[in-house]
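FYI, the numbering just counts along the sequence from 1.
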Amino acid sequence: MNISTTSNRLKLSLLASSLALALSSAPVLAQDNTTGLLRGVVTSDAGQNMANVTISVRHLSQGFSRTVSTNDRGEYLLRALPVGEYHVTVSRDGTTVIDDYKLNISLGQSAVFAPVLSSGEKIERIAVMGSMIRQVDTSDSTAGLTFDADILDAMPVNTGFENVALLTPGVARSSAFGASSFGGASSAENGYFLNGMNISALRTGIGSIDLPWEAIAQTQVKTGGISAEYDRFIGGVVNAVAKTGGNELQFGAEVRYDPAALHSAHDTVYLPSGGIAINNKDFDASFSEVNVWASGALVQDKLFFYALFNPRRFESQYANSAATVFTEYEKEDKRWFVNLDWFITDDHVVTFTALDNSADYRYDNYQWDQEQGKGSASGVTTSESGGKMYSARYQGFISDDFSVSATIGRLEDNANTLPTNRLPGIWDYVNLNGQRFGDWTTSNLITQSYQRDQLRLDFTYLLDNHTLQFGIDTEKLTVNYLEYQNGADDARGWWEYRTYTAIPRIDLDAGTYVRQRQRDTGGETDVTSKALYLQDSWQINDNLVLNAGLRYSNFTNTATTGEDYAKLENQLAPRLQLIWDPTGTGDSKWYTTWGRYFQPISANMNIKQASGQRDVHFYYQPGELNADGTLVLNADGSPSRGDLVATNVIQSGEVDVQRIAAQDLGPMYSDEFTLGYEQQLTDRVKGGVRFVYRDLKQSIEDSDLGPVVAQWLEQNGVENNANEYYFYTLLNPGRNVSFLYDFDLDGEKEHVSLSAADLQLPKPERQYLAWEFTLEGQPTDDLQLWFSYVWSHSWGMTEGLVRTDNGQADPGWTTSYDYADLMDHGAGDLPNDHRHAFKLSGVYDLTEQWRLGFVARATSGSPLNKFSLHPTGVDSCAEPSLWADWCASQWYDESSFYDWDGTPAPRGSAGRLDWLYEFDLSLSYHTTVADGDLSVKATVYNLFNFDTPINVNEVAQITQTDGSFAPNPDWNTASALQSNRTVSLVVRYQF
């Protein structure tokens, strides 16, 4: 061996040792929700940390620069870097030693750049190797993935946050709602952010507002271990930043068309009892979209703009399952988006964002039958939805160690239904199995507007081994809502023809009746959230990092009277992350996290609970019948009916904030614990395993305490002169409840105190246990992929804010906990329990011009239930239970956890739905035309046109004409199938 070879090997060894030291001791920083960061340690090839080395980065499109010098330990940190590609320069003693390196900064991520310089007196130019950017981030243990627009454009991922979230381990598709389930939480418990603004759906929190998707630059999905910067959710977070302009003027246009001719409808699903469960006869759909954008500099290096116009059109036609109505549906969007970046200096920037997502809807209804198809027109219904968002965000560096950011904005959402006739809605359960009857088009009329005003201030202070982040976060959501039923004069209401069980309290015998329901709601209310938080990232030593945070928050909901009906204060949410680099090389980490997360009361509950809702049911004898047994309809569209036999006032319309919610109401919150390991397998591939445990500690439910209150009144000798019998009250199941109300009308309110033992409402258990196995990276120059397998189990008494198994997208106001008898045998596997989930997605470069994208998922089916009437005289309907006199769950029909013969059927014990297989494929071609970039992309969603049921009929019981019970032959029949095969064609040109 010659001396030269030995010397070279020694240098390589020293270089590797120095690089390992540099990667292991880099400083840490709490992550930002709109930017990324660059950090590292500069060392010599002799293994020594190098002080006073200058690191400069320049944003390639916007031209601004940031510069920092290494400290005595060779460390440097560049915070709050806008996402994008940067040019990096390294200088030592006034001489540039690296000036040809480029790297990307991703949203909420820390990139580690650790150059190794010569230790000799002679200054040399150093070529930086790719291994100096590592896959494993040893400063943070927040779980999730980040995708930029270029990657998503190359993959068969449809527009919208939910489609991106589904690429991430631990996120499951909701079978009933548009949003996803993160870690077993319901789909109404997630947070969505754009440029620092909360864009979660305003009324329900189910998903986000609709966005012009082309404007999104990067999307980050957080599934666990989330810092104190975020709250108001107990599921997960989807965080995004918008595209911006650069110094170069650019224009572009994209046209997308999903033709009806390539739309593969599934077969019609028939009921075993006869009739149709899912009517896919004459079903068709098409979608078209145009994106036109421009970006550039209004002032070179200072003021940049990005502007987008995004008109869209979706059309479909379908017949209802009763085979009576055919609908031609049309939705039109004329959306726009504007983003401005003003760099006052390189250290101070203000971003202005505005968008409009307004949409118009039209439903043309026609008569229809299976033989003759579309018949004469029966009416048109139109509606409007959407609104605008405005925000401004400031990011400034007061000094190298202290920075400030501020976000202020407003988000609006409005909706209005405009019917073309005044015919009321009618449903026939006697002859048509609950299908609609008559020529009515719109049963419910709603006018609603929401306005969320947001302000947050964030401060970051860099100390020796600590990075402190602290701030305030406030929101106020104003709700203005009006709802009433369609129909003129006495015809107004929802009408049902069906067989009812007896309601002794209103002297209604069991029998077949015509029921008219009128539910009126209206008024202005508010939801306010205020929070303070502190987050510390502490580099304990070269191998150990502690991220500790604490969030203090208050939530307040008001009634239409302007008074607070719920005030949840002094909520403390600790967040802890401990990260250990076991080898000190920076290529692996062990981590553990623990955190508490609070969920506010939904704005939906302001409407349902605190808006003076009046809900009255009128029971009539049946009137004149047609030959087929259906009711004859009057000229005003209402059914023929006889005498009024009973009236049931469910809600009186009175607003008394001291009875709306329990006096000692506590917040809804959940705890999360994770333990994980991550390993860099090659320079560009990493793998990991993560254990997750989540536990819902307390929930807020609405319960009708009427049966228990009636017993309390009798026991305490209080007259119910107010004639109030239903007491829908927000409470914490499993805890004592007290409220105030003047029952005897003597001017002084009685203090009603009910023990948890009397109420018999079980604790709201919801637990989630999971093992996540992941593999991601770029194993070759041509292939980038993400793979995961998740074993999970979600079980308990409640899904959370919504109910998937009966389709209630009504956060906080589902049937869960309405009565104790509804919860009998309610413990078991929850609707979001998918025991196994495999995910594989990626991009493969076939050639320089052709790219193949793929997304494949295989998910085990959700649990299946048998819902029937609660039998009398058993469980919570048996004496001495205070609920026994009413056994009110029977009013909810087949919604209790019993089989048709009255035997218990615990939640999720009736089997499972089939595995859901999804496979999407895309092929794109890229070339240059007239100095511009042209791409053509074809995507096939659900390539094999799988038609697996994602929802089925879970009602196990029917009531026969003689009043006896029998098994429902339609139980387990599909009520919703996975989306059918769709082909999307996209042509894109930018220059």
Self-check item: More than 12 heavy atoms of other groups within 6.0 Å of Asp746 CG
Solution: yes

Quiz item: Ser553 and Ala531: which non-hydrogen atoms are nearest, and at how many Å?
Solution: CB-CB, 3.9 Å

Quiz item: Does OH belonging to Tyr726 count more than 12 external heavy atoms closer than 6.0 Å?
Solution: yes

Quiz item: Would one find more than 12 heavy atoms of other residues, nucleotides or ligands at under 6.0 Å from atom NZ of Lys749?
Solution: yes

Self-check item: Side-chain touch Leu411/Leu202, heavy atoms, less than 4.5 angstrom
Solution: yes

Practice problem: Look up atom CG in Asn865 and atom OG in Ser909, then write down how far apart they are to the nearest 0.5 Å. | Solution: 7.0 Å

Quiz prompt | 4.5 Å side-chain heavy-atom contact, Tyr450 and Tyr481 | solution = yes

Exercise. Could you give me the CA-CA distance, side-chain angles and deciding distance for Glu654 and Tyr741, then say whether side chain to side chain donor-acceptor pair (under 3.5 Å) is met?
Key: CA-CA 12 Å; Glu654 178 188 34; Tyr741 189 67; 2.8 Å; yes

Quiz item: Asp695 and Gln767: side-chain donor and acceptor closer than 3.5 Å?
Solution: no

Quiz item: For residues Asp885 and Gln711, is any side-chain donor paired with an opposing acceptor at under 3.5 Å?
Solution: yes

Self-check item: Exercise: do Gln808 and Asn806 side chains pair donor with acceptor under 3.5 Å
Solution: yes

Practice problem: Verify, without hydrogens or angle tests, whether Trp886 (side chain) and Pro504 (backbone) share a donor-acceptor contact under 3.5 angstrom. | Solution: no

Exercise. Apply side-chain contact (heavy atoms from CB on, under 4.5 Å) to Arg907 and Asp805, showing your working.
Key: CA-CA 10 Å; Arg907 183 192 295 273; Asp805 51 24; 3.6 Å; yes

Quiz item: Between the side chains of Glu724 and Ser652, is a donor N or O closer than 3.5 angstrom to an acceptor N or O?
Solution: yes

Practice problem: For side-chain contact (heavy atoms from CB on, under 4.5 Å), just list the numbers for Thr417 and Asn444, CA-CA rounded to whole Å, side-chain angles, deciding distance to a tenth of an Å, and then say yes or no. | Solution: CA-CA 8 Å; Thr417 305; Asn444 211 34; over 6 Å; no

Exercise. Evaluate the criterion side-chain contact (heavy atoms from CB on, under 4.5 Å) for residue pair Met823 and Met797; output intermediate values, then yes/no.
Key: CA-CA 8 Å; Met823 305 308 294; Met797 291 293 299; 3.8 Å; yes

Exercise. Test Ile206 against every option in Val802, Leu801, Asp810 by the side chain to side chain contact (heavy atoms under 4.5 Å, CB included) rule and name the one that passes.
Key: Val802

Quiz item: Are Tyr565 and Asn606 linked by a side-chain donor-acceptor pair shorter than 3.5 Å?
Solution: yes

Exercise. Quickly, which of Asp702, Asp564, Val655, Asn557 forms a side chain to side chain contact (heavy atoms under 4.5 Å, CB included) with Ile660? Name it, please.
Key: Val655

Practice problem: Measure from the ring center of Tyr669 to the ring center of Tyr597 and say whether it is less than 6.0 Å. | Solution: no

Practice problem: Taking atom CG of Asn723 as the centre, report whether more than 12 heavy atoms of other residues, nucleotides or ligands fall under 6.0 Å from it. | Solution: yes

Exercise. Inspect the contact between Arg452 and Glu475 and indicate whether a charged nitrogen and a carboxylate oxygen are less than 4.0 angstrom apart.
Key: yes

Quiz item: Got a sec: does the CD of Glu879 have more than 12 other heavy atoms crowding it under 6.0 Å?
Solution: yes

Exercise. State yes or no: are the ring centers of Phe598 and Phe555 separated by less than 6.0 Å?
Key: no

Quiz item: Just wondering, are more than 12 heavy atoms of other shown residues or ligands nearer than 6.0 Å to CD in Glu714?
Solution: no

Quiz item: Rounded to the nearest 0.5 Å, what separation is found between the CD atom of Gln613 and the CH2 atom of Trp813?
Solution: 5.0 Å

Self-check item: Geometric cation-pi criterion Arg505 and Tyr725, 6.0 Å radius, 45° cone
Solution: yes

Practice problem: Supply the atom-to-atom distance Trp891 CH2 to Asp893 CG, rounded to the nearest 0.5 angstrom. | Solution: 12.0 Å

Quiz item: Within 45° of the six-membered ring axis of Trp494 and under 6.0 Å from that ring's centre, is NZ or CZ of Arg519 located there?
Solution: no

Self-check item: Rounded distance (nearest 0.5 Å) linking atom CE of Met605 with atom OG1 of Thr204
Solution: 13.5 Å

Quiz item: Strictly by modelled atom types, are Asn736 and Ser755 linked by a side-chain donor-acceptor pair under 3.5 Å?
Solution: no

Quiz item: Is the backbone of His870 close enough, under 3.5 Å, to the side chain of Gln890 for a donor and an acceptor to pair up by distance?
Solution: yes

Quiz prompt | Atom pair CG/CD1 of Leu568 and Ile601 - distance to nearest 0.5 Å | solution = 5.0 Å

Self-check item: Partner of Phe867 by side chain to side chain contact (heavy atoms under 4.5 Å, CB included), out of Tyr898, Trp900, Phe897
Solution: Phe897

Quiz item: Can Arg492 and Asp520 be counted as an ion pair, charged N to O under 4.0 angstrom?
Solution: yes

Quiz prompt | Worked verdict on Asn968 versus Gln957 for side chain to side chain donor-acceptor pair (under 3.5 Å) | solution = CA-CA 5 Å; Asn968 181 8; Gln957 180 187 73; over 6 Å; no

Self-check item: Sub-4.5 Å side-chain heavy-atom contact between Tyr429 and Thr499
Solution: no

Quiz prompt | Glu569 CD to Thr556 OG1 distance, which is reported to the nearest 0.5 Å | solution = 6.5 Å

